[in-house]
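Everything on this sheet refers to the single structure shown next.
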Amino acid sequence: MHGHRQAIGSPRDYCAKLLIVNINLKNREVADGRKQRPTVAFVVPCYNEHLVLRQSMPMVLEALNEMEKAGIASADSFVLCVDDGSSDDTWQIIAALHRANPKLKGIRLSHNRGQQNALFAGLMTARDMADCAITIDADLQDSLEAAAEMVVLYREGYDIVYGVRASRRSDSFFKRTSARAFYKLQNRMGLETIYDHSEFRLMSHRALDILSEYPERNLYLRGIMPAIGLRHTTVSYDRSPRLAGETKYSFMKLVSLSVDAITSFSARPMRLIFIIGLILLVADIGVAAWVLMSHFDGRAMSGWSSLMLSVWFLGSLILISLGIIGEYIGKIFNEVKRRPRYSVQDSLM
């Protein structure tokens, strides 16, 4: 893992020249077959981000400009904003930014399809236009300095570079605890993930080609990335506060994302239902033996409390089991219909 870099003040104080000043760019080796100046695409999912786009996107463009000056990105590099069916004036802001600087491009989805589908739409759009693509949130909590280092690592031969948080000291106790539980639960359920990695990563053109071959409609990109394989590494960084606005990921959305992740990549929950069923069967045999012994010894008594507890316990277990099975059946239902993941309404290229 590459050493993390300290945050350079608040995001508003970023100076693009400081993003790459500590990286010895020209002396870093370029792998065979990789361009000295690759075309880099920043893919930015946007949903109701009108409070932040006018501040964050000029910063991304300036950082891209500095990468070009440093010789690690080509002049064809660009920023691609993906409007995920926003209900505010996000698209109008993207259009205004595009008119001011054509290097900022945009696509608008016809309906809100969620972050995973918005990211996929942006990556597939950038796939034929760039040598590598970096996904980064519009609020710029992720580090542009780390993004520059990702490009350097791409030139050295890596196909996937994961951005990993150096620490979670800035998070609240609840958020820090729930995040740890989120990753541990996925690992226990057999899902391979990169700890403390969200959606901040670089993918080469080859990795994008492989990603395009994944047909599932229930997307969980963090789970697909390790399955792609290829040569990969990580860059650690300190996450900054949001420039403006509020996070779109509530606790319930994180729970929903975790459920989708587990049921999309692991059948272990259904196996656990089977194991619990076997355990209850053994317990039932023991209870049956005790009931028969009590009956023949003349000690049998009607027990309303034990009966009600048993009924409620088994009833709850049955409903939970049906819910887990229903999650899998629902995913099968969505997959077999083969409906499009998204539809593009407008494009600014």
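In this text the structure is predicted, and so the values were computed from the model without any measurement. Quick note: residue numbers are just sequence positions, from 1.
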Give, for atom CD1 of I224 and atom OH of Y214, the distance between the pair rounded to the nearest 0.5 Å.
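One finds 7.0 Å between CD1 of I224 and OH of Y214.
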Atom pair OG/CD1 of S143 and I136 - distance to nearest 0.5 Å:
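Atom-to-atom, S143:OG and I136:CD1 are 7.5 Å apart.
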Could you go through R34 and D131, starting from their C-alpha distance and side-chain angles, then the distance that decides it, and tell me whether this counts as side chain to side chain contact (heavy atoms under 4.5 Å, CB included)?
CA-CA 9 Å; R34 295 287 167 96; D131 297 305; over 6 Å; no
With a 3.5 Å distance limit and no angle check, can you tell me whether [X] reaches the backbone of [Y] through a side-chain donor-acceptor pair?
X    : Y    : result
E49  : D139 : no
T90  : D83  : no
R127 : A133 : no
R155 : K35  : no

[X] versus [Y]: any side-chain heavy-atom pair under 4.5 Å?
X    : Y    : value
M225 : M203 : yes
V151 : I134 : yes
L348 : W91  : yes

Mind checking what makes side-chain contact (heavy atoms from CB on, under 4.5 Å) contact with [X], not counting sequence neighbours?
X    : answer
R54  : I93
S343 : S110
S87  : N48

Can you name the side chain to side chain donor-acceptor pair (under 3.5 Å) partners of [X], sequence neighbours left out?
X    : value
H205 : D209
R113 : none
T125 : none
S204 : D159

Tell me, which pairs form a salt bridge (Lys or Arg N to Asp or Glu O under 4.0 Å) where one or both residues lie in residues 84-105, sequence neighbours left out?
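Only E68-K103 qualify under salt bridge (Lys or Arg N to Asp or Glu O under 4.0 Å).
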Taking the six-membered ring of Y162 (Phe, Tyr or Trp), confirm whether the NZ or CZ of R201 is under 6.0 Å from its centre and within 45° of its axis.
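Negative - R201 is either too far from the ring of Y162 or too far off its axis.
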Can you sort out the partners of F200 under ring pair (Phe, Tyr, Trp, His ring centres under 6.0 Å), two or more places apart, ordered by chain and number?
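Once residues adjacent in sequence are excluded, the partners of F200 under the ring pair (Phe, Tyr, Trp, His ring centres under 6.0 Å) criterion are Y237.
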Starting from the C-alpha separation in whole Å, work towards a yes-or-no answer on side chain to side chain contact (heavy atoms under 4.5 Å, CB included) for H111 and Q345.
CA-CA 9 Å; H111 189 267; Q345 179 175 336; over 6 Å; no
Would L221 and L211 count as a side chain to side chain contact (heavy atoms under 4.5 Å, CB included) if you check the C-alpha gap in whole Å, the side-chain angles of each, and the deciding distance to 0.1 Å?
CA-CA 9 Å; L221 295 175; L211 176 63; 4.0 Å; yes
Could you pull out all residues at least two apart from D76 that satisfy salt bridge (charged side-chain N to carboxylate O under 4.0 Å, His left out)?
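Per chain and number, D76 pairs via salt bridge (charged side-chain N to carboxylate O under 4.0 Å, His left out) with no residue.
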